[in-house]
Novice: 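Here's a structure for you.
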Amino acid sequence: MDQPTVTRGKIVQGLRRLGLEGGEVVMVHSSLSRFGRVDGGAEAVIEALREAVSPGGTLVMSALTITPAFVEAHVRAARDGRIDRSHPLFDVSETPTWAGHIAETFRRRLETIRSWHPSHSVTAAGPLAEDLVANHHLAAACGRDSPYERITRRDDGRILLAGVGHEANTTMHGFEELAGVPYVEHPEVCRIPIRTPQGETLAETRLHLFGVERELGRLEGHAVSAGAETVTRVGDAVLRLCRARMLRDITLKALERNPWVLVTPRGRRTWEQMQTTGNVFPGARSD
């Protein structure tokens, strides 16, 4: 039997069912393939999202570029008091994201602007885009004063997981940063060369630590029961819409009670091994 086609209109209807009314600031994490067959592909999904937040809304997508090799090179350089130039520069205008086809298509659109963070940049379009992305290269990756965190301060801030679960919800790592848990980022402040539309400059930020396995959906049941998350289906995709401020409050309270609540037993063992060996770079030899 032929797979039903997902249209822009069906996506808009699903977003309305979730509670989007227009005017919200929405951080989107997505998977195009999870929808099934989409008439118009990634562009149709983006147009549906733009329609759902109109009038007056702002659409934001993660444009991640972080890799283990990138982190290791810049953290080791920071420890030595130097700047690493062995990796290609993060180019705000040109460096693609690995966050998915929808996110990469959105990044390339003329109306979007991108933050300057070298590992956790975002792209945004709408009235609040410039305010949200400003000075990200001098702030936390996704914690305090990052675009991710700025959205969670707002009553109209939302996080949309379209065809993905909370394992793709980068803002959860921002909550870990805010809670001060030890396993989310390296303590060194890295000075990282980046290429911007105004020329080359330096980002100054901490980078995330790889290898500590999480279960970021562990609090989802609580979020749903508290009214912080609604769920629907469009095509083959499950869509989740979270009230960002409420999810922040739920997660920070849980992390205050138990800083390891989002870490799997294997992740906890990995962290303990890192502390024993001093090797915090997965796949590398111990220092």
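Side-chain atoms are counted along with the backbone in the values below, which use heavy atoms only and exclude waters and symmetry mates. Keep in mind the model is a prediction, meaning the values are calculated, not measured.
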Novice: Working note: Ile151 + Leu132, criterion side-chain contact (heavy atoms from CB on, under 4.5 Å); need CA distance, chi angles, decisive distance, verdict.
Specialist: CA-CA 8 Å; Ile151 291 172; Leu132 287 170; 4.1 Å; yes

Novice: Is Arg243 atom CZ crowded by more than 12 heavy atoms from other residues, nucleotides or ligands, each under 6.0 Å away?
Specialist: no

Novice: Looking at every heavy atom in both Thr58 and Val53, which two are closest together, and how far apart are they?
Specialist: N-CG2, 4.4 Å

Novice: Does the side chain of Glu220 reach to within under 4.5 Å of the side chain of His166, using non-hydrogen atoms?
Specialist: yes

Novice: Taking Arg206 first and then Glu177, would you say they form a salt bridge - that is, a charged N and a carboxylate O separated by under 4.0 Å?
Specialist: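 The answer is no: the pair does not qualify as a salt bridge.
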
Novice: Within the structure provided, determine whether Leu207 and Glu185 are in side-chain contact (heavy-atom separation under 4.5 Å).
Specialist: no

Novice: Roughly how far, to the nearest 0.5 Å, is CD1 of Ile66 from CZ of Phe210?
Specialist: 4.5 Å

Novice: Would you say Leu89 and Ile194 make side-chain contact, with heavy atoms under 4.5 Å?
Specialist: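 Side chain of Leu89 against side chain of Ile194, heavy atoms only: no contact under 4.5 Å found.
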
Novice: For His136 and Tyr148, take the angle between the two ring planes, folded into 0 to 90°, and tell me which bin it lands in: parallel under 30, tilted 30 to 60, perpendicular over 60.
Specialist: perpendicular

Novice: Does Arg50 reach the side chain of Glu111, with side-chain heavy atoms less than 4.5 Å apart?
Specialist: yes

Novice: Ignoring hydrogens and geometry, is there a side-chain-to-backbone donor-acceptor pair from Ser121 to Ala63 under 3.5 Å?
Specialist: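 Yes, because the side chain of Ser121 sits within donor-acceptor range (under 3.5 Å) of the backbone of Ala63.
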
Novice: Applying the 4.5 Å side-chain criterion to the ILVMFWY set and letting contacts propagate, would Val184 and Leu247 be lumped into a single cluster?
Specialist: yes

Novice: Around Gln273, counting heavy atoms of other residues, nucleotides and ligands shown, do more than 12 lie under 6.0 Å from its CD?
Specialist: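 Open.
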
Novice: State plainly whether the residues Arg240 and Glu167 are in salt-bridge range, i.e. N to O under 4.0 Å.
Specialist: no

Novice: Can you check whether Thr65 reaches Phe90 side chain to side chain, under 4.5 Å on heavy atoms?
Specialist: yes

Novice: Between Arg76 and Glu188, does any NZ, NE, NH1 or NH2 come within less than 4.0 Å of an OD or OE carboxylate oxygen?
Specialist: no

Novice: Strictly below 4.0 Å, N to O, side chains only: are Arg218 and Glu215 in salt-bridge contact?
Specialist: yes

Novice: How about Tyr183 and His173: are their ring centres within less than 6.0 Å of each other?
Specialist: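 Centroid separation for Tyr183 and His173: 6.0 Å or greater.
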
Novice: For the residue pair His87 and His74, does the interplanar ring angle fall in the parallel (under 30°), tilted (30 to 60°) or perpendicular (over 60°) class?
Specialist: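 Ring orientation of His87 relative to His74: tilted.
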
Novice: Report whether Val28 and Phe106 are members of the same hydrophobic cluster (ILVMFWY, side-chain heavy atoms less than 4.5 Å apart, transitive linking).
Specialist: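 Yes.
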
Novice: Mind running side-chain contact (heavy atoms from CB on, under 4.5 Å) on Leu239 and Arg233 for me, showing each step along the way?
Specialist: CA-CA 6 Å; Leu239 274 60; Arg233 181 179 290 273; over 6 Å; no

Novice: Decide whether Met246 and Leu178 are clustered together by the hydrophobic rule: side chain heavy atoms of Ile, Leu, Val, Met, Phe, Trp, Tyr closer than 4.5 Å, transitively.
Specialist: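 Shared cluster, no.
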
Novice: Angle between ring planes, His137 versus Trp116, binned at 30° and 60°: parallel, tilted or perpendicular?
Specialist: tilted

Novice: Quick check: is Met61 connected to Ile113 through a chain of hydrophobic side chains (ILVMFWY, heavy atoms under 4.5 Å apart)?
Specialist: no

Novice: Please determine whether the number of non-hydrogen atoms from other residues, nucleotides or ligands lying under 6.0 Å from atom CZ of Arg266 exceeds 12.
Specialist: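 Result for CZ/Arg266: open.
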
Novice: Do Glu94 and Arg107 meet the salt-bridge criterion of a basic N to acidic O distance under 4.0 Å?
Specialist: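 Here Arg107 does not pair with Glu94 in a salt bridge, since their nearest N and O are not under 4.0 Å apart.
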
Novice: Working note: Glu24 + Arg154, criterion salt bridge (charged side-chain N to carboxylate O under 4.0 Å, His left out); need CA distance, chi angles, decisive distance, verdict.
Specialist: CA-CA 9 Å; Glu24 299 92 347; Arg154 303 181 57 87; over 6 Å; no

Novice: Would Thr232 and Arg17 count as a side chain to side chain donor-acceptor pair (under 3.5 Å) if you check the C-alpha gap in whole Å, the side-chain angles of each, and the deciding distance to 0.1 Å?
Specialist: CA-CA 7 Å; Thr232 192; Arg17 289 196 301 273; 3.1 Å; yes

Novice: Let's go through Val6 and Ile11 carefully: what are the C-alpha distance in whole Å and the side-chain angles of both, what is the deciding distance for side-chain contact (heavy atoms from CB on, under 4.5 Å) to 0.1 Å, and is it a yes or a no?
Specialist: CA-CA 7 Å; Val6 176; Ile11 297 171; 3.6 Å; yes

Novice: How long is the gap from CG on Leu219 to CE on Met172, to the nearest 0.5 Å?
Specialist: 5.5 Å

Novice: Grab the two heavy atoms, one from His29 and one from Ser62, that are nearest each other, plus how far apart they are.
Specialist: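 What the structure gives for the nearest pair is CE1-CB, 3.6 Å.
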
Novice: Check the angle between the aromatic planes of His120 and His208 and answer parallel, tilted or perpendicular using the 30° and 60° thresholds.
Specialist: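 The arrangement is tilted - the two ring planes meet at 30° to 60°.
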
Novice: Tell me whether Val238 shares a hydrophobic cluster with Leu160, the cluster being built from Ile, Leu, Val, Met, Phe, Trp, Tyr side chains joined at under 4.5 Å.
Specialist: no

Novice: Determine whether more than 12 heavy atoms belonging to other residues, nucleotides or ligands lie under 6.0 Å from atom CD of Glu256.
Specialist: no

Novice: Does a side-chain heavy-atom distance below 4.5 Å link Ile46 with Ile102?
Specialist: yes

Novice: If you count the non-hydrogen atoms of other residues, nucleotides and ligands that lie under 6.0 Å from CD in Glu21, is the total more than 12?
Specialist: no

Novice: Surrounding CD of Gln275 (heavy atoms of other residues, nucleotides or ligands, distance under 6.0 Å), is the total greater than 12?
Specialist: yes

Novice: Could you tell me if the side chain of Thr105 sits less than 4.5 Å from the side chain of His101, heavy atoms only?
Specialist: yes

Novice: I need the minimum non-hydrogen distance between Pro193 and Glu200, along with the two atoms involved.
Specialist: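 Result for this residue pair: CB-OE2, 3.9 Å.
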
Novice: Can you give me the closest heavy-atom contact between Ser146 and Ala140, atom names plus distance?
Specialist: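 Shortest heavy-atom separation between Ser146 and Ala140 comes out as CB-O, 3.5 Å.
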
Novice: Can you find a heavy atom in the side chain of Leu15 that is under 4.5 Å from one in the side chain of Leu49?
Specialist: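 A side-chain contact under 4.5 Å exists here.
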
Novice: For Arg109 and Glu104, run salt bridge (charged side-chain N to carboxylate O under 4.0 Å, His left out): C-alpha distance rounded to whole Å, both residues' side-chain angles, the deciding distance at 0.1 Å, then the answer.
Specialist: CA-CA 9 Å; Arg109 286 169 66 111; Glu104 176 61 9; over 6 Å; no

Novice: Is there a side-chain contact (heavy atoms from CB on, under 4.5 Å) between Ile159 and Asn169 once you walk through the steps?
Specialist: CA-CA 8 Å; Ile159 300 166; Asn169 186 357; 3.7 Å; yes

Novice: Rounded to the nearest 0.5 Å, what separation is found between the CG atom of Asp145 and the CG atom of Leu138?
Specialist: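 Going from the CG atom of Asp145 to the CG atom of Leu138 covers 10.5 Å.
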
